[in-house]
Amino acid sequence: MIATTPSTTALAEERPAQLVLISFDGAHDNALWERSLKLGDSTGARFTYFLSCTFLMTKDDRKSYKAPGHSAGRSNVGFAQDNTDVLTRLGHIWAANQTGHEIGSHGCGHFDGKDWSKSDWLSEFDQFDSALASAWSSNGAEAPAGWAGFARSGVTGFRAPYLSAGDGLFAALAAHGLSYDASTVSRGPVMPDLSRLTARFALPLIPEGPQGRRIIAMDYNLFVRHSAAFETPSKAQEFEERTLDAFRSAFEAEYTGKRRPLQLGFHFVEMNGGAYWNALERFAAETCGRPEVACVTYQDALRRLERGEGSAS
């Protein structure tokens with residue numbers, strides 16, 4: 001009897017794709033919208049943008065928003081500069097949607113809702129939906145064809161500001177019909193919990209720095225560790241290299257191991273001289289085109305995992 005060796009193609013078909021999920025919280029700065037969309041075009045990566053809805057409102061319209069427990073017109077992250085600023089952002093949002101990126105919800109005013117009730121969260125979700133549906137008309141423009149359907153059913157996921165979740169949030173997510181939540185944190189990369197009505201993805205703690213201490217795989221957390229949240233652009237290159245090393249190590253551990261999805265979180269803010277965005281661009285450029293790797297949105301990852309797909313195609 002002649003022994004046969006499985007082909008490389010056969011082995012690849014038996015392995016699940018290494019999913020990489022890159023997301024951005026806030027999604028406000030239009031220059032960074034342009035930068036991220038160019039990165040997606042050049043690498044083939046598709047991103048999830050967790051949008052804060054107050055960036056679809058100008059300061060003149062701020063009274064239309066009332067966060068639970070706060071007076072009308074309050075927002076921890078402010079509002080859009082003017083109508084032109086909003087319309088430019090809406091153009092980026094629509095371009096992202098049309099090219100396979102995902103728009104998720106980050107709520108509206110970026111408040112800590114750990115103590116909010118289910119009804120509080122439902123109010124926040126409803127205001128997000130309303131702001132998205134009326135964003136073009138509220139800023140003096142006609143929405144593109146297809147916007148109404150997108151606003152009605154295109155947003156299926158959520159990430160809580162400050163990653164601050166609680167029982168009220170989880171009850172509201174299911175009641176509002178959202179498919180997944182990305183607000184929790186895990187010791188390292190783990191498979192999402194698909195057993196619930198609203199699937200739960202957890203941002204991982206990954207080893208970073210000379211001592212390999214674990215940290216949430218998100219730019220703000222790196223900013224706090226590296227410089228105590230004080231801008232230190234003189235060390236931008238050092239921080240960029242540390243970040244890239246951490247991303248590479250976390251990726252390789254999964255790519256050569258259990259192939260659990262790797263999630264990396266960012267904000268539309270350049271911290272420490274752009275160290276974290278620079279590291280992201282280098283990481284995506286060298287990673288997203290590798291065999292058996294798929295840099296995908298949360299929506300796409302959820303579909304793949306629910307179907308149990310075993311390839312990156």
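It should be emphasised that the depicted structure is a prediction, and the values quoted were computed from it without experimental measurement.
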Where is the tightest heavy-atom contact between A236 and N272, given as atom of each residue plus distance?
->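 Distance-wise, the nearest heavy atoms are CB-O, 3.3 Å.
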Taking all atoms of both residues into account, what is the closest heavy-atom pair of F239 and A275, and its distance?
-> CB-CB, 3.9 Å
Side chain to side chain donor-acceptor pair (under 3.5 Å) contacts in which one or both residues fall within residues 142-158, not counting sequence neighbours |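 Of all non-adjacent pairs touching residues 142-158, those that pass side chain to side chain donor-acceptor pair (under 3.5 Å) are T156-Q299.
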State plainly whether the residues E240 and K235 are in salt-bridge range, i.e. N to O under 4.0 Å.
-> no
Does the pair R159/D181 count as a salt bridge with the N-to-O cut at 4.0 Å?
->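 The answer is no: the pair does not qualify as a salt bridge.
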Over 12 non-hydrogen atoms of neighbours within 6.0 angstrom of CZ in R213 = no
W121 meets the ring pair (Phe, Tyr, Trp, His ring centres under 6.0 Å) criterion, sequence neighbours left out, with W116, F125, F158
Trace of the side-chain contact (heavy atoms from CB on, under 4.5 Å) decision for L262 with L19 = CA-CA 6 Å; L262 175 64; L19 302 182; over 6 Å; no
Using only heavy-atom distances, determine whether the side chains of [X] and [Y] contain a donor-acceptor pair under 3.5 Å.
| X | Y | answer |
| --- | --- | --- |
| R62 | T54 | no |
| E208 | H226 | yes |
| S117 | D120 | yes |

Sequence neighbours left out, what pairs pass disulfide (SG to SG under 2.5 Å) with at least one residue falling in [range]?
| range | answer |
| --- | --- |
| residues 129-167 | none |
| residues 194-275 | none |
| residues 81-185 | C53-C108 |

Under 4.5 Å between any side-chain heavy atoms of [X] and [Y], yes or no?
| X | Y | result |
| --- | --- | --- |
| L21 | F201 | yes |
| V20 | V296 | no |
| L90 | L56 | yes |
| F55 | F268 | no |
| L280 | I22 | yes |
| F128 | S52 | no |
| D60 | F79 | no |
| T84 | T88 | yes |

Taking only distance into account, with no hydrogens and no angle test, what donor-acceptor pairs under 3.5 Å do side-chain atoms of residues 187-197 form with protein atoms, sequence neighbours excluded?
residue	atom	partner	partner atom	Å
D193	OD1	S195	N	2.9
D193	OD1	S195	OG	2.5
D193	OD2	R196	NE	2.9

Please say which of F223, F50, Y276, Y220 ends up in a side chain to side chain contact (heavy atoms under 4.5 Å, CB included) with H267.
-> Y220
Contacts under 3.5 angstrom, residues 165-180 side chains, donor-acceptor by atom type, not counting sequence neighbours:
residue	atom	partner	partner atom	Å
H176	NE2	D129	OD2	2.7
Y180	OH	E102	OE1	3.4
Y180	OH	E102	OE2	2.6

Main chain of [Y], side chain of [X]: is a donor-acceptor contact present, judged purely on distance under 3.5 Å?
| X | Y | result |
| --- | --- | --- |
| N30 | R89 | yes |
| T287 | F283 | yes |
| S42 | L39 | yes |

side-chain contact (heavy atoms from CB on, under 4.5 Å) between F24 and W277: does it pass, once the steps are laid out?
-> CA-CA 11 Å; F24 300 95; W277 273 70; 3.6 Å; yes
Who are the side-chain hydrogen bond (donor to acceptor under 3.5 Å, both in side chains) partners of [X], not counting sequence neighbours?
| X | result |
| --- | --- |
| T58 | D61 |
| R74 | none |
| D82 | none |
| H106 | H110 |

Salt bridge (charged side-chain N to carboxylate O under 4.0 Å, His left out) with E254: which of R15, R260, R259, R248?
-> R260
For this output row, return yes or no: ring centroids of Y49 and W33 closer than 6.0 angstrom.
->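 Yes; W33 has its ring centre under 6.0 Å from that of Y49.
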Kindly state each residue pair satisfying salt bridge (charged side-chain N to carboxylate O under 4.0 Å, His left out) with at least one member in residues 32-43, sequence neighbours excluded.
->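 Applying salt bridge (charged side-chain N to carboxylate O under 4.0 Å, His left out) to every pair that reaches into residues 32-43, excluding sequence neighbours, yields R35-E270, R35-E281.
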